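Below is one structure, written out as C-alpha cells; the observations come after it.
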Amino acid sequence: MVPTSQQQAFDFACTSPTEFWASAARAIDWIREPSSIHDANDPLRPNWFSGGELNTCFNAIDRHVNDGRGDDTALIFVSAMTGTESSLTFAELQTKVAKVAGALVNSGIAEGDRVIIYMPMIVEAVIAMLACARIGAVHSVVFGGFAPAELSKRIRDAAPRLLLTASCGLEPGRVVEYLPLVEAALEGHAQTDAVVLQRPGYERILPAGWSTWSEWLANAPLAPCVALQASDPLYILYTSGTTGTPKGVVRDNGGHAVALRWSMQHVFDAKPGDVFWAASDIGWVVGHSYIVYGPLLTGCATVIYEGKPVGTPDASQFWRIIERHSVTTLFTAPTAIRAIRRDDPAGEGIAANSLASLRTLFLAGERTDPNTLNWIRDQLQRPVIDNWWQTELGWPALAVCQGLTSPTARVGSAGFPVPGFDVRVIDTKHRPCTSGQTGDVVIRLPLPPGATSRLWGQPDGFVAAYCADHPGFYNTGDTGEFSDDGSISIMGRNDDLINVAGHRLSTGAMEEVVAAVDGVAECAVIAVRDMLKGEVPVAVVVPSNGQRAMAREIPVAVVRAVRNEVGPVAALKRVVIVERLPKTRSGKVLRKTLRALANGDSIDVPATIDDPSVIDAVAAALH
Ligand code: COA
Ligand code: AMP
C-alpha cells in the first residue's frame, strides 16, 4: 500500500517502520544495500540501515550528472551584500566539489577526520561541506555570528585537523573580519591548519602557516566519492544546551539521506528541477537540511542567499529573487516575515513582483504568531506552512505535509505529527495531556532516520540529555498542547534556551559571561518577548558591594562582553540593575517569575520565595 494521506502514512510508519523506511530508502542510490532497516530491539539506538553503504555527495551531485542532468542548475548564488549573482550546474558543481575534496585529501584529511567550516553564505562554504561528504570527512559548520570563544569551544570538542574560512563576512554596514576571530579561536589548537578563501576586494594578509584557498586548490586532483557505512557520521552540528557548553549533534549518512529525500517529496512537495530557497544560514540545521542536502538529494536547484530580508536593499528583496529565479518553494523564519511586514505593511513589494512560480511558503525556527501567519497568507494567497523541529531531529516533526493529503491545521498550531515522529504531549508524571492542557512535547522512541541518537564525544550523552525524563520518550524540551483536531501548538521551552530571531541560544551561556563581568555580583539572563525577533535576552544584574557607584558602567560592559564572548547574534542590548534577585529560600533564582515580570504576564509567586518584597522592587526596575 502506498499511503496518500498524512494520517495513513503516519499510521504506516508507526505500525510497520521497517516496511515504511525500506520503501523510502529506495529513493537513495546505495553502493551496498542495507542488511537491516533498523534494530527494533534498541529504541534508543535504532541503527538505521545498518550494513548499507552509500555516499551522500554522490546522491546529491554525481547521481544527477549520471542521470543526464549535468547541465541543469544546481546552485544559484545571490549576494545582496556584494550585488553579485552566479549559478552552477550539477556538472560544474561536481568538478568543483571533487577538486576541493582532492585538496582535503592532499592535506592529509582522511575518513572520519573533522573539518570546521567557518564561512559566510558563499558558494565555497556549500562546496566545502559536500567535499567533506565526498571523502568521508566529518564537517562541522560554525555560524559566522558566533564570537571566537564559541568557535573555540567547538574546536576543542571536535578536534578538527583543518579549519576552512574566508577573509571576511559581510553584514549590513560592517565587514566582519574573520581572521582575527579565527586566530583567537585557534589559540592552543596547534594541530588545526587553516585555509582562507580571499573574497574578491577583501583580500587580507594571512597569519604565518595559513594557506589561501587558491594555493590550496592549485595541485589538487579530482577526488572520487568513497563508500561509507550508513552509520558513519556526515556532520557534527553544535547547538545550544542549557549550560554554556554546546552539544555536538552527530548526523549519520544513511538515515539522513533517506529522511531528507522523503521529507522533500512528502513534507515540502518538492520535485527534481524545482528551485528551492531556504533563506536561512548554513550555520543552522535548516541550512544543512534545506539549503544543502535536501534540495540537492532531490535534484532541485538551491538558492544560497547572502543578505537579509530587509535593508539589503529593502523589503522587496525576497520577492524580487523569487521572480528572477522562478523560486518554487520559500522556507524562512517568521521573524523575516515580521521584518518585511514592518517595512512594507501593505505588501507593495509582493504585488510588484510576479510570484507565479511560488507554490508554498514554509516557516520554522520559532512559533509563527497567528497575526503574522494571516498577514502573509493574505498577501501571498498561497499555503503558508508552519513546521516544527530542532537540530537534534534534523527534519520536520510537525507540519502539514504538502506532498500528502492533510487537513488544514488550526492557525497558531505547528501542524500534525509527520510520519516517523510519534509526537505526544504528556505531564510530569508521563500521563497523556488532554486537549488544551499544556505539557511536555515528547516523541516516542525510536526516533526515525535522520534524527540523531548520539552526541559527539559523549557515549551516553544523548540518553542522559534527552531520554531520562520520560522513559520511552525523547524529550524535546518544548512545551505544547494538543487540539481536538490532532494538531499541536508549541508554547515555548521548559528550560533556559531562548529563541532570538529564529536562532536557538542559551541564556545559561550568556549568564556565565555576564557573571564574569567586573562589578557583577549576581545575575540572571531571561527571555523577553520582542515584536520583531520573537524573544530577546535581558540581563538582570546585582552589582557587587562597593560597585554600586559603577552601576552606570556595568550595562555597557555587560553588553560588550556578551557580544565579544557569545557573539553579536545574541542581541543582548538591555541590562537592568537591581538590588536583589528574587530567590527561593534555598537560594535558587526564580527565573520564571523574572520572565513573567519582564513580559508583564500574571505571576504566581511561589510559596518558597525567600523575600516577597523583592518582587515589587524588581518589577519597578524592569518597567
Ligand atoms: N556573521 C557575523 N555577524 C552576524 C551574522 C553572521 N553570519 N549574522 C548576524 N550577525 C550579527 C548582525 O550583524 C547583528 O549585529 P549588530 O548587532 O552589529 O547589528 C547581530 O548579529 C544580530 O543579527 P540578526 O539576527 O540578523 O538581526 P538584525 O537585527 O540584523 O536583523 C532580521 C533582523 C529579522 C532581519 C534578521 O534577524 C533575520 O533575517 N532573521 C532571519 C533569521 C533566520 O533565517 N533564522 C534561521 C532559522 S530558520
Ligand atoms: P534549533 O535546534 O536551533 O532548530 O531550535 C529548535 C527550537 O526552536 C525548538 O525546540 C523550538 O523551541 C523552536 N522552534 C523551531 N521551530 C518552531 C516552530 N515552528 N514553532 C515553535 N517553535 C519552534
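In each ligand, atom 1 is the first atom listed, and ligand 1 is the first ligand listed. Here the structure is a predicted model, which means the values were calculated and not measured.
Checking Asn494 against Asp440 by side-chain atom types alone, a donor-acceptor pair falls below 3.5 Å. With hydrogens and angles left out, the side-chain atoms of Arg251 and Thr452 include no donor and acceptor closer than 3.5 Å. Residues Asn387 and Trp389 have side chains that bring a donor and an acceptor to within less than 3.5 angstrom of each other. In the model, Tyr466 has no side-chain atom that pairs as donor or acceptor with a side-chain atom of Thr476 under 3.5 Å. Side-chain contact annotation: Arg338 with Asn371, donor-acceptor N/O pair under 3.5 Å absent. With hydrogens and angles left out, the side-chain atoms of Ser483 and Arg410 include a donor and acceptor closer than 3.5 Å. Side chains of Glu85 and His325: a donor on one and an acceptor on the other come within 3.5 Å.
When His503, Arg504, Arg493, Lys247 are ranked by how near their heavy atoms come to atom 5 (O) of ligand 2, first place goes to Arg504. With Arg504, His503, Arg338, Glu171 as candidates, the residue nearest to atom 13 (O) of ligand 1 on a non-hydrogen basis is Glu171. When the heavy atoms of Glu392, Met491, Arg367 are ranked by distance to atom 21 (C) of ligand 2, first place goes to Arg367. Compare Ala147, Gly502, Pro568 by their heavy atoms: the one nearest to atom 47 (C) of ligand 1 is in Gly502.
Listed by atom number, the atoms of ligand 2 under 4.0 Å from Ile490 heavy atoms are 21 (C), 22 (N). Near Val569, with a cut-off below 4.0 Å to any heavy atom, the atoms of ligand 1 are 21 (O). Less than 4.0 angstrom separates some heavy atom of Lys573 from each of these atoms of ligand 1: 17 (O). Residue-ligand proximity, Val176 to ligand 1, at heavy-atom distances under 4.0 Å covers atoms 2 (C). Annotation for ligand 2: atoms under 4.0 Å from non-hydrogen atoms of Asp386 are 18 (C), 19 (N). In the vicinity of Asn499, heavy-atom distances shorter than 4.0 Å reach the ligand 2 atoms 8 (O), 13 (C). Listed by number with element, the atoms of ligand 2 under 4.0 angstrom from any heavy atom of Thr391 are 1 (P), 2 (O), 3 (O), 4 (O). With ligand atoms numbered from 1 in the order given, ligand 1 contributes 3 (N), 11 (C), 12 (C), 13 (O), 15 (O), 18 (O) to contacts under 4.0 Å with heavy atoms of Arg174. Near Asn387, the atoms of ligand 2 lying under 4.0 angstrom from a non-hydrogen atom of the residue are 16 (N), 18 (C), 19 (N). Residue Glu366 approaches ligand 2 through these ligand atoms, each under 4.0 Å from one of its heavy atoms: 14 (N), 15 (C), 16 (N), 17 (C), 18 (C), 19 (N), 20 (N), 21 (C), 22 (N), 23 (C).
For Arg563, a nitrogen or oxygen atom sits less than 3.5 Å from a nitrogen or oxygen atom of ligand 1, counting backbone and side chain alike. Ligand 1 has a nitrogen or oxygen under 3.5 angstrom from a nitrogen or oxygen of Gly144. Ligand 1 has no N or O atom lying under 3.5 Å from any N or O atom of Thr332, backbone or side chain. Among the atoms of Thr335, none of the N or O lies under 3.5 angstrom from an N or O of ligand 1.
Scanning all protein heavy atoms for the shortest distance to atom 6 (C) of ligand 2 gives Gln390 CB, 3.4 Å. Of the protein's heavy atoms, Ala501 CB, 3.4 Å lies nearest to atom 37 (O) of ligand 1. In this structure, the protein non-hydrogen atom closest to atom 26 (O) of ligand 1 is Lys308 NZ, 2.5 Å. Of all protein heavy atoms, the one lying nearest to atom 46 (C) of ligand 1 is Ser280 OG, 3.3 Å. Here the protein heavy atom with the shortest distance to atom 38 (C) of ligand 1 is Pro309 CD, 4.1 Å. For atom 48 (S) of ligand 1, the nearest protein heavy atom (residue, atom name, distance) is Val286 CG2, 3.7 Å. Atom 11 (C) of ligand 2 has its closest protein heavy atom at Asp478 OD2, 3.0 Å.
Ring-centre distance between Phe276 and Phe331: not below the 6.0 Å cut-off.
Within the structure, the closest approach of Glu366 to ligand 1 does not fall below 4.0 Å when heavy atoms are considered. Proximity of Lys533 to ligand 1 is established by a heavy-atom distance of less than 4.0 Å. For the pair Ala279 and ligand 1, a heavy-atom separation below 4.0 Å is found. Residue contacts with ligand 2 include Gly365, since one or more of its heavy atoms lies under 4.0 Å from the ligand. Residue contact check for ligand 1: Phe143 places a non-hydrogen atom closer than 4.0 Å to it.
Between Glu392 and Arg504 there is a salt bridge, since a side-chain N of the basic residue sits under 4.0 Å from a carboxylate O of the acidic one. Between Arg493 and Glu535 there is no salt bridge, since no side-chain N of the basic residue sits under 4.0 Å from a carboxylate O of the acidic one. A salt bridge does not link Asp601 to Arg595: none of the charged nitrogens lies less than 4.0 Å from a carboxylate oxygen. Electrostatic pairing of Arg320 and Asp314 counts as a salt bridge here, judged by a charged N lying under 4.0 Å from a carboxylate O. Looking at Glu306 and Arg199, a side-chain N of the basic residue comes within less than 4.0 Å of a carboxylate O on the acidic one, giving a salt bridge.
Note: Tyr235 and His139 have parallel aromatic rings, judged against thresholds of 30 and 60 degrees for the angle between ring planes.
The side-chain tip of Arg154 points at the ring of Phe146 from less than 6.0 angstrom away and within 45° of straight on.
Closer than 4.0 Å to atom 5 (C) of ligand 1 lies at least one heavy atom of the protein. Distances from atom 15 (O) of ligand 1 to the protein include at least one heavy-atom value under 4.0 Å.
Each of Tyr474, Phe473, Phe10 was compared with Asp422 under the side chain to side chain contact (heavy atoms under 4.5 Å, CB included) criterion, and only Phe10 meets it.
In this structure, Asp484 places its CG atom where only 12 or fewer heavy-atom neighbours from other residues, nucleotides or ligands lie under 6.0 Å away.
At a heavy-atom distance under 4.0 Å, only backbone atoms of Trp389 (N, CA, C or O) approach ligand 2.
Val384 and Arg377 make their closest contact through O-NH2, 3.3 Å (heavy atoms, listed as atom of the first residue, atom of the second, distance). The two residues Phe421 and Pro417 have their closest heavy-atom pair at O-CB, 3.4 Å.
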